[in-house]
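Here's the structure, in structure tokens; my notes come after.
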There are 2 protein chains.
Amino acid sequence: MSVITNEPERTEVILEHANEAEHFLKQLANKTRLMVLTSLVGKELSVSDLLTRIDVTQPVLSQHLALLREAKMVATRRDGQVIYYRLTDERVHKVLGLINTFYPASMPD
Amino acid sequence: MSVITNEPERTEVILEHANEAEHFLKQLANKTRLMVLTSLVGKELSVSDLLTRIDVTQPVLSQHLALLREAKMVATRRDGQVIYYRLTDERVHKVLGLINTFYPASMPD
DNA sequence: CTGAATCATAAGAAAACTCTAATATGATCA
DNA sequence: TGATCATATTAGAGTTTTCTTATGATTCAG
């Protein structure tokens with residue numbers, strides 16, 4: 001029935017998924033959320049941890065975290081009163097990795 | 001002075017470029033603009049061409065094209081009364097290619 | 001149980017984005 | 001020149017996103 005379609009690229013697939021792609025990109029297209037997601041690459045962090053790294057108020061951070069949870073881009077684990085967040089969407093990881101290549105690497109700490 | 005930093009990934013670079021990354025992603029995070037950009041992969045198209053493929057009014061398309069021009073994601077060429085658009089940002093091409101892999105390939109025409 | 005700490009939620013204001021409708025610009029052609 | 005075609009621009013309305021402020025829920029220590 002279906003044949004192997006081995007063109008080097010078929011970006012047109014997005015045309016049929018433009019709504020989903022728009023939605024996905026919108027979830028990433030926010031400074032606070034980008035910083036959250038980037039901070040979570042390779043490690044789990046608590047909300048307090050994130051608050052020390054990102055300059056936003058607690059409710060604002062919490063609202064962005066709620067959005068990311070809803071989007072299933074992150075998941076949580078509770079330990080006492082602390083809630084740890086981690087990345088759960090490999091697509092996010094890939095996009096962050098690509099975007100990362102667009103900017104010059106800065107001096108590591 | 002600087003040393004080779006050859007970690008497998010250093011997504012933290014985005015942290016220092018979160019504003020730019022947000023701006024870049026916002027420009028992509030729109031159905032009409034995604035369809036425009038995707039339609040332009042590998043080919044030049046006129047505004048009329050785009051209008052036949054994308055279901056929006058002429059002024060709306062023109063406004064989105066203005067934004068993409070401003071963002072330098074596309075460039076134009078005039079031939080008589082027709083204006084042709086083409087992609088000019090390799091980063092856009094790369095992101096579209098990646099997003100594309102997130103969706104199942106559909107049957108080619 | 002009371003209080004403090006950590007995190008979440010909700011309502012409304014403010015800001016940003018997108019569309020509608022009307023008009024303008026530039027090119028071609030009779 | 002005047003009409004028409006292709007595309008762009010503008011003002012304002014409508015919609016969506018984000019923030020502010022206040023409050024709620026859960027956990028733990030004393």
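Chain letters run A, B, ... following the sequence lines, proteins first and then strands; every chain starts at 1.
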Under a 4.0 Å N-O cut-off, is there an ion pair linking B:Lys26 with B:Glu22?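 Salt bridge: yes.
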
Over how many whole Å does the gap from [X] atom [atom1] to [N] atom [atom2] extend?
X: B:Lys31; N: C:dC19; atom1: NZ; atom2: C1'; value: 15 Å
X: A:His64; N: C:dC7; atom1: NE2; atom2: P; value: 17 Å
X: B:Ile83; N: D:dC5; atom1: CD1; atom2: P; value: 17 Å
X: A:Glu70; N: D:dT17; atom1: CD; atom2: C1'; value: 15 Å
X: B:Lys26; N: C:dC17; atom1: NZ; atom2: C1'; value: 9 Å
X: B:Arg78; N: C:dT25; atom1: CZ; atom2: P; value: 14 Å
X: A:Asp79; N: D:dT26; atom1: CG; atom2: P; value: 18 Å
X: A:Leu25; N: D:dT16; atom1: CG; atom2: C1'; value: 17 Å

Are any side-chain N or O atoms of A:Arg33 and backbone N or O atoms of A:Gln27, one a donor and one an acceptor, separated by less than 3.5 Å? yes

Could you give the distance from CE (B:Met73) to CG (B:Leu68), rounded to the nearest 0.5 Å? 7.0 Å

Nearest 0.5 Å please: distance from the CD atom of B:Glu20 over to the OH atom of A:Tyr103.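 So the CD of B:Glu20 and the OH of A:Tyr103 are separated by 5.0 Å.
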
Identify, between B:Gln63 and B:Asp49, the residue whose nearest nucleotide on DNA chain D lies closer to the 5' end.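 Taking each residue's closest nucleotide, the earlier one in sequence belongs to B:Asp49.
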
Between [options], which nucleotide has the shortest distance from any of its atoms to the side chain of [X]?
X: B:Thr57; options: C:dT9, C:dT20, D:dT27; value: C:dT20
X: A:Val82; options: C:dT6, C:dC17, C:dA8; value: C:dT6
X: A:Leu65; options: C:dC7, D:dA8, C:dA8; value: C:dA8
X: A:Pro59; options: C:dC7, D:dA22, D:dT9; value: D:dA22
X: B:Gln81; options: C:dG26, C:dA21, C:dA8; value: C:dG26

Please determine which of B:Arg69, B:Glu44, B:Lys43 meets the side-chain hydrogen bond (donor to acceptor under 3.5 Å, both in side chains) test together with B:Tyr85.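 Going through the options one by one, the only one that passes is B:Arg69.
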
Ignoring hydrogens, what is the shortest heavy-atom contact between A:Val74 and A:Leu65? Give both atom names and the distance. CG2-O, 4.4 Å

Is there a side-chain polar atom (N or O) of [X] under 4.0 Å from OP1 or OP2 of [N]?
X: A:Arg33; N: D:dT18; answer: yes
X: A:Arg69; N: C:dT9; answer: yes
X: A:Asn30; N: D:dT18; answer: yes
X: B:Tyr85; N: D:dA6; answer: no

Is A:Val60 touching bases, backbone alone, or none of the nucleic acid, heavy atoms closer than 4.0 Å?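 If one applies the 4.0 Å heavy-atom cut-off, A:Val60 turns out to touch a base.
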
Contact class for A:Thr32 (heavy atom, under 4.0 Å): base, sugar-phosphate, or nothing? nothing

Side-chain donor/acceptor contact of B:Gln58 with base of D:dA8 under 3.5 Å: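 Pair found.
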
